[in-house]
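Each remark here refers to the structure printed beneath this line.
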There are 2 protein chains.
Amino acid sequence: MSLQHGILGLLSYKSMSGYDLNKVFNESINHFWSAQLSQIYRVLGNLEDKGYVSSQVEHQEGRPDKKIYSITDEGKKEFRNWMNDNPEQLLSPIRDEFMIRIFFSSLLPKEETIFQLERYNKQAQELLKHCHSEDQVIDKYAEELSLPNDKLYWRLTLKKGKMITEALVRWSEECIEELKQAQKEHQK
Amino acid sequence: MSLQHGILGLLSYKSMSGYDLNKVFNESINHFWSAQLSQIYRVLGNLEDKGYVSSQVEHQEGRPDKKIYSITDEGKKEFRNWMNDNPEQLLSPIRDEFMIRIFFSSLLPKEETIFQLERYNKQAQELLKHCHSEDQVIDKYAEELSLPNDKLYWRLTLKKGKMITEALVRWSEECIEELKQAQKEHQK
DNA sequence: GGAGACATGTAAGTGGTTACATGATTCC
DNA sequence: GGAATCATGTAACCACTTACATGTCTCC
């Protein structure tokens, strides 16, 4: 459901091919909803079957043909309905494999868990750096699509990304600290 | 994969029926990996097919029979292998429908978005309260199963839950603040 | 008398991943 | 010569959700 509506939302900004959509997606919705290109193509097919988008082939010299998708009036209606119909439960279910590993880490030597937490911390810091560079991307898109009203909301989603990622960085640091402490206690 | 290994992990603590497993699951792994009871039954079936768990039926007076699952040596080996084999990418992909809605919220009146953010904030606070009450659950299980070494790691997963949820509470508050501000600017 | 705990599962459907298939052009 | 970009998709498989099916006991 969500991916479908995310794609409808992007197409309401601008008609695009699946390939281009994927690029825009990766710089926006992908931060809170991951998707493979193949899945995007499938969803576009489904949306077309339902009449929410229409497509038209654009011939290109020296490059493969493009299939440009546009949102239909039906699609716009569907998207607006979805936007107006929030679920009871707003918090999304969590699926965090790494936490399962941490949960059962008494099986492993503490050094190994510390090592993995350090990797985790590095990846979180990397992601945080990436988040900080996204401010410019927002400016770029807001200008390109001339949608100044949307910038505010895009920033709010980015802000969430930053805050969560900062929490992950801090969490993993504190975990490492605690485990090192526990190691010392044990050596005494 | 993860659910399978989470279940193997819990069964390595203690043999249980699917029904009991579900209860333990809901007070532990469910905080970072959600699952329906029906899915747990199916995974148990798969694990049995693979020889990672074995089952034996326990007859009960006045209550339905129980099917007690136990982890096999094969299962223990599989679980340990999984624990030793961390993926490259430790950060889990995000799937957050609410963020898609925020992203496209320029479509809606600001009051509506504020209203939904307030609901979000309330739910996050509710969850945070719940997290704080979990400390006792950890103590209870550690004693019941006499696994004092595991408590440390269980606490680390709980800590992550708290930190993330605190970030969600703060984020939604700041969003509401920003939107109210934007509303005022507009009225001028 | 009804709700909820106890207990097990199947069936249908959805949404997603990974791998595969094709083939030209451009840049290093 | 090889990798990356451009461009489209299908097929097989997997994990998960929702709804359905069954039936007893206990507590209010």
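Here is how names work: the chains are called A, B, and so on, in the same order as the sequence lines, proteins then strands, and each is numbered from 1. These values consider heavy atoms only, across backbone and side chains, with no hydrogens, waters or symmetry-generated copies.
With D/dT8, C/dT8, C/dT10 as the candidates, the nucleotide lying closest to the side chain of B/R42 is C/dT10. With distances taken from any side-chain atom of A/Q36 to the nucleotides D/dA15, C/dA7, C/dT17, the minimum falls on C/dT17. Of the candidate nucleotides C/dG15, D/dG23, D/dA7, D/dG23 has the atom lying nearest to any side-chain atom of B/P64. Comparing C/dT8, D/dT8, D/dT17 by their closest approach to the side chain of B/S34 singles out D/dT17. Distances were taken from every side-chain heavy atom of B/Y69 (C-beta onward) to each of C/dG9, C/dA12, D/dG9; the shortest belongs to C/dG9.
We find that CD of A/E97 is positioned 13 Å from C1' of D/dA15, with the value rounded to whole Å. Atoms NZ (A/K23) and P (D/dT5) sit 10 Å apart, rounded to a whole Å. The distance between atom CG of B/N26 and atom P of C/dC6, rounded to the nearest whole Å, is 12 Å. Spacing between atom CG of A/L21 and atom C1' of D/dC6 amounts to 15 Å, rounded to whole angstrom units. Rounding to whole angstrom units, CD of residue A/Q56 and P of D/dA7 are separated by 16 Å. Rounded to whole angstrom, the span from the CG atom of B/N46 across to the P atom of D/dC13 amounts to 15 Å. Rounded to an integer number of Å, the gap from CG of A/N22 to P of C/dG16 is 14 Å. Rounded to an integer number of Å, the gap from A/L44 CG to D/dT10 C1' is 15 Å.
Distances shorter than 4.0 Å separate some side-chain N or O of B/K67 from OP1 or OP2 on C/dG9. Between A/R95 and C/dG16 there is no side-chain polar atom (N or O) within less than 4.0 angstrom of OP1 or OP2.
The base of D/dT18 lies close enough to the side chain of B/S38 for a donor and an acceptor atom to sit less than 3.5 Å apart.
Two residues, B/K66 and B/Q39, neighbour DNA chain C, and the one matched to the more 5' nucleotide by heavy-atom proximity is B/K66.
Residue B/L37 is in base contact, counting any heavy-atom pair closer than 4.0 Å across all strands shown. A/G18 comes within contact range of the sugar-phosphate backbone alone, with a heavy-atom separation under 4.0 Å but no base atom that close. Across all strands, B/S17 comes closer than 4.0 Å only to sugar-phosphate atoms, never to a base (heavy-atom distances).
The existence of a salt bridge linking B/R101 and B/E97 is confirmed by a sub-4.0 Å separation between a basic side-chain nitrogen and an acidic carboxylate oxygen. Looking at B/D20 and B/K14, no side-chain N of the basic residue comes within less than 4.0 Å of a carboxylate O on the acidic one, giving no salt bridge. Taking a cutoff of 4.0 Å between a charged side-chain nitrogen and a carboxylate oxygen, B/E134 and B/K162 do not qualify as a salt bridge. For B/K159 and A/E178, the salt-bridge test passes: some basic side-chain N is under 4.0 Å from an acidic carboxylate O.
Here the closest non-hydrogen pair linking A/W171 and B/M163 is N-CE, 3.6 Å.
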